[in-house]
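One structure below.
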Amino acid sequence: MTRSEKPLFTAAQIRTRVAELAAALSRELRGQDVVSLIVLKGALHFGSDLVRAMTVPMAVDFVQARSYHGTVSTGKIEMLGRPTQDLNGKHVLIIEDILDTGVTARALIDFVEISGASRVSFCALFDKPARRKVPVHATHIGFPVDDVFIVGYGMDYEERYRELPDVYTLVL
Ligand code: 5GP
Ligand code: MG
């Protein structure tokens, strides 16, 4: 497995879209008690760029979830790390790299709701709607993508490619 030579999305395209998402989110979350929950590890760059482009005060926390082994979604998720912030009564913004089958998103939204959040927003930079198995209401999506496996800008294949600024497809 290796990555495509040409990016599917360049760092510049991502930067522009992140700024648009941040502007929309800042309008919607203004005046609310916000906790941004960055989903590790895939959303590390996206989360960092998004919260820095937003103009509302917030707490930033992390959650770590894993559903993939290689390129295969296992259908169940492991919570490897939980937020330290109390989410009770907060408007929680979940920040994900990519929405695929929806299993991870569903589990994260359920976790946040059970934790007592007053509202949940779900923002994913990429979305593969054709792959959905579980219905998920994503409030903000960066780019729809076809059914391809993508890497870079935080997203990995077996822990490789996370450091790349652009997004590539994985090729055999
Ligand atoms: P889901 O539970 O929706 O099937 O999977 C969501 C998670 O799987 C994402 O948070 C992401 O970590 C991983 N994932 C899904 N599609 C891709 C992809 O194309 N590339 C990479 N690197 N990870 C993916
Ligand atoms: Mg992820």
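Both counts, for ligands and for their atoms, begin at 1 and track the order of listing.
Among E96, K41, R162, the residue whose heavy atom lies closest to atom 10 (O) of ligand 1 is E96. Residue nearest to atom 19 (O) of ligand 1, selected from M155, K128, E158: K128 (by heavy-atom distance). Proximity annotation for atom 24 (C) of ligand 1: of V148, T169, I98, I98 comes nearest, heavy atoms only.
Within ligand 1, counting atoms from 1 as listed, the ones closer than 4.0 Å to a heavy atom of D156 are 21 (C), 22 (N). Close contacts between ligand 1 and V103 involve ligand atoms 2 (O), 3 (O) [criterion: under 4.0 Å to a heavy atom]. Within ligand 1, counting atoms from 1 as listed, the ones closer than 4.0 Å to a heavy atom of T101 are 1 (P), 2 (O), 3 (O), 4 (O).
Taking distance alone, with nitrogen or oxygen atoms compared against 3.5 Å, V151 stays at or beyond that limit from ligand 1.
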Next on the checklist: Run the side chain to side chain contact (heavy atoms under 4.5 Å, CB included) test on F9 and Y168 for me, step by step, so that the C-alpha distance in whole Å, both residues' side-chain angles and the decisive distance to 0.1 Å come before the verdict.
Outcome noted: CA-CA 7 Å; F9 297 95; Y168 300 85; over 6 Å; no

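Annotation: side chain of V39 is not in contact with side chain of Q64 (no heavy-atom distance under 4.5 Å). Looking at L99 and R131, their side chains never come closer than 4.5 Å, going by heavy atoms from C-beta outward.
Heavy-atom distances between G102 and ligand 1 reach below 4.0 Å in at least one pair. Not a single heavy atom of Y157 sits less than 4.0 Å from an atom of ligand 1.
In this structure, H45 and Y153 have tilted ring planes: the angle between them lies in the 30° to 60° band.
The residues R132 and D127 are annotated as salt-bridged, a charged nitrogen and a carboxylate oxygen being separated by less than 4.0 angstrom.
Taken together through direct or relayed side-chain contacts under 4.5 Å among Ile, Leu, Val, Met, Phe, Trp and Tyr, L80 and L87 form parts of separate hydrophobic clusters.
The side-chain contact (heavy atoms from CB on, under 4.5 Å) test applied to S121 returns L29, H91, L93, T139, not counting sequence neighbours.
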